[in-house]
Amino acid sequence: MDFAEQAPFHIVTPLKESRALSKLAGTEVLMKLENVQPAGSFKIRGIGHYCQKLAKKGCTRFVCSSGGNAGLAAAYACRGLNLPATIVVPQSTGADIVQKLQDLGADVVIIGKVWDDADAHAHQLTETPGSVYISPFNHPLVWEGHSSLVCELKASLGSQKPGALVVSVGGGGLLAGLAEGMKKVGWTDIPIIAMETKGAHCLNAALEAGKPISLPDITSVAKCLGAKTVCDRAFECTREHNVISITVDDREAIRAVEMFLDDELIFVEPACGAALAAVYSGHIQRLQQEGILKTPLDPIVMVVCGGSSISISQLKHFKSQLNMN
């Protein structure tokens, strides 16, 4: 295969207003619908870009550690490159995700309690010559790929700047990519609202401590936000950029998933619900009242990051687990 001429694996995703979210926020909310990406999330931007670059350099096998979306993106990209992929997932990964990975042709290894355990094993597997490790979030090529999202926003909005970008944060790859993209298009003055669930709040904990620290465990149901330590680059972005860190509890994230399904007929996982809770739990309005965000506010861009770790039965299970029934 001629890797040099291959088109990117990601698609240009729609940007559209959510009337329901705009009404709640009291300002226009535009949804960047990354849920329609191949493999179901924004991850294909960075990981697809990384895999294409490394394939050109002669890599013959990729190994990725992922609780879900990064692994799906890696498996999708490797299938497109006609190269083998091994995806290492923790024991908390749902059987449906494992099946999706296998359907994409990946070898799946299940090991460890949380993502960090699976990640350690993935590094061991890349000791074979020709094998390359794919970080779900911690590599400059991954950030560069994710920055394409901002370039698309700029193309859609033209001379208009958003009032803020709202994004869920796990390991921090998307945050790092957005900051890189915002630098490219001259949006360094635009705040990023970084949303996390308590129990997977590695960025918020790092900001409290003044340096990246490891959470003792991942206790949130939003397992796809489940990195114990935020990547250094994402933490650096908080020093260079106006990043507003907010944590919500699991109930708020799950409630946001349900309300978004009712409002937009779009079903996303709890990790994405964390970002949506910025509006559904009233944080945008609170930040305006506190003078942290402007009033009136230019349109907010809500990055609907997507995600494949959700089903009706899982939603029922989460609600039962959180005593929400």
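Numbering of residues begins at 1 and proceeds along the displayed sequence. Keep in mind that this is a model prediction, so the values were computed, not measured.
P162 places none of its side-chain heavy atoms less than 4.5 Å from the side chain of L153. Counting heavy atoms from C-beta on, the side chains of I134 and L54 never come closer than 4.5 Å. Using a 4.5 Å heavy-atom threshold, the side chains of L72 and L101 count as touching. Side chains of Q6 and L81 form a contact here, defined as non-hydrogen atoms less than 4.5 Å apart. By the 4.5 Å heavy-atom criterion applied to side chains, I97 and V89 are not counted as neighbours. A heavy-atom distance below 4.5 Å is not found between the side chains of W143 and L178. Under the 4.5 Å side-chain criterion, counting only non-hydrogen atoms from C-beta, K32 is not in contact with L30. Counting heavy atoms from C-beta outward, I192 and M182 have side chains that approach closer than 4.5 Å.
Between K23 and D263 there is no salt bridge, since no side-chain N of the basic residue sits under 4.0 Å from a carboxylate O of the acidic one. Between R233 and E240 there is a salt bridge, since at least one side-chain N of the basic residue sits less than 4.0 Å from a carboxylate O of the acidic one.
One N or O on the side chain of K43 and one on the backbone of P136 form a donor-acceptor pair closer than 3.5 Å. Panel note: side chain K183, backbone W187; no donor-acceptor pair is recorded below 3.5 Å. Checking side-chain atoms of R251 against main-chain N and O of L322 turns up a donor-acceptor pair under 3.5 Å. For E180 (side chain) and G145 (main-chain N/O), no donor-acceptor pair under 3.5 Å exists by modelled atom type. With S156 contributing its side chain and E152 its backbone, the two residues share a donor-acceptor pair below 3.5 Å.
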Please set out all donor-acceptor pairs under 3.5 angstrom arising from side-chain atoms of residues 293-308, sequence neighbours excluded.
{"unit_1": "T295", "atom_1": "OG1", "unit_2": "Q288", "atom_2": "NE2", "d": "3.4"}

Using a 3.5 Å cut-off and no angle test, enumerate the donor-acceptor pairs between side-chain atoms of residues 252-262 and protein atoms at least two apart in sequence or in another chain.
{"unit_1": "E252", "atom_1": "OE1", "unit_2": "D249", "atom_2": "N", "d": "2.9"}
{"unit_1": "E252", "atom_1": "OE2", "unit_2": "S281", "atom_2": "OG", "d": "2.9"}
{"unit_1": "E258", "atom_1": "OE1", "unit_2": "K319", "atom_2": "NZ", "d": "3.4"}
{"unit_1": "E258", "atom_1": "OE2", "unit_2": "K319", "atom_2": "NZ", "d": "2.9"}

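Note on I310 and L265: separate hydrophobic clusters, where clusters join Ile, Leu, Val, Met, Phe, Trp and Tyr whose side-chain heavy atoms are under 4.5 Å apart, directly or indirectly. Linking Ile, Leu, Val, Met, Phe, Trp and Tyr residues whenever their side-chain heavy atoms come within less than 4.5 Å leaves L174 and V12 in two separate clusters. Hydrophobic clustering (ILVMFWY, side-chain heavy atoms < 4.5 Å, transitive): V169 and I213 are in distinct clusters. Grouping the Ile, Leu, Val, Met, Phe, Trp and Tyr side chains by contacts below 4.5 angstrom, directly or via other members, places I284 with I292.
Within a 6.0 Å sphere centred on NZ of K184, other residues, nucleotides and ligands contribute more than 12 heavy atoms. Taking a 6.0 Å sphere around NZ of K161, one finds it holds more than 12 heavy atoms contributed by other residues, nucleotides or ligands. Summarising the local packing, CZ of R286 is surrounded by more than 12 heavy atoms from other residues, nucleotides or ligands at distances under 6.0 Å.
Atoms OG and CD1, on S66 and I47 in that order, are 7.0 Å from each other to the nearest 0.5 Å. The structure places CZ of R19 at 14.0 Å from CG of L24, a figure rounded to the nearest 0.5 Å. The distance from atom CG of L315 to atom CD of E269, rounded to the nearest 0.5 Å, is 12.5 Å. Rounding to the nearest 0.5 angstrom, the gap separating the CG atom in L141 from the CD atom in Q52 is 11.0 Å. Taking OG1 of T197 as the start and CG of N204 as the end, the distance is 11.0 Å to the nearest 0.5 Å. In this structure, OG on S92 lies 9.5 Å from CG on D117, to the nearest 0.5 angstrom.
Sequence neighbours left out, not one pair with a member in residues 266-294 passes ring-ring contact (aromatic ring centres under 6.0 Å, His included). Applying the ring-ring contact (aromatic ring centres under 6.0 Å, His included) test to residues at least two apart or on different chains, the pairs with a partner in residues 15-55 are F42-H146, Y50-H139.
If you check the side chains of Q321 and D250, you find no donor sitting under 3.5 Å from an acceptor. In summary, the side chains of Q37 and T13 do not present any donor paired with an acceptor at a separation below 3.5 Å, with no hydrogens or angles considered.
Among residues two or more places apart in sequence or in another chain, the side chain to side chain contact (heavy atoms under 4.5 Å, CB included) test is passed with Q102 by V98, Q99, V108.
Contact record, I44 with H10: CG2-CB, 3.7 Å, taken as the closest heavy-atom pair. Of all the heavy atoms in F318 and P270, the pair that sits closest is CE1-CG, 3.6 Å. Pairing each heavy atom of A164 with each of I193, the nearest pair is CB-CD1, 4.1 Å. Scanning both residues, A278 and V166, for their nearest heavy atoms gives CB-CG1, 3.7 Å. Closest non-hydrogen pair, P90 versus I110, comes out as O-CG2, 4.0 Å. S22 and E17 get closest at one heavy-atom pair: OG-OE2, 2.9 Å.
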> When you look at C202 and E196, which way does the side-chain contact (heavy atoms from CB on, under 4.5 Å) test go after all the steps?
Replying inline: CA-CA 8 Å; C202 59; E196 296 175 284; 4.1 Å; yes
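Its side chain within the 4.5 Å cluster rule, I11 clusters with V36 among the Ile, Leu, Val, Met, Phe, Trp and Tyr residues.
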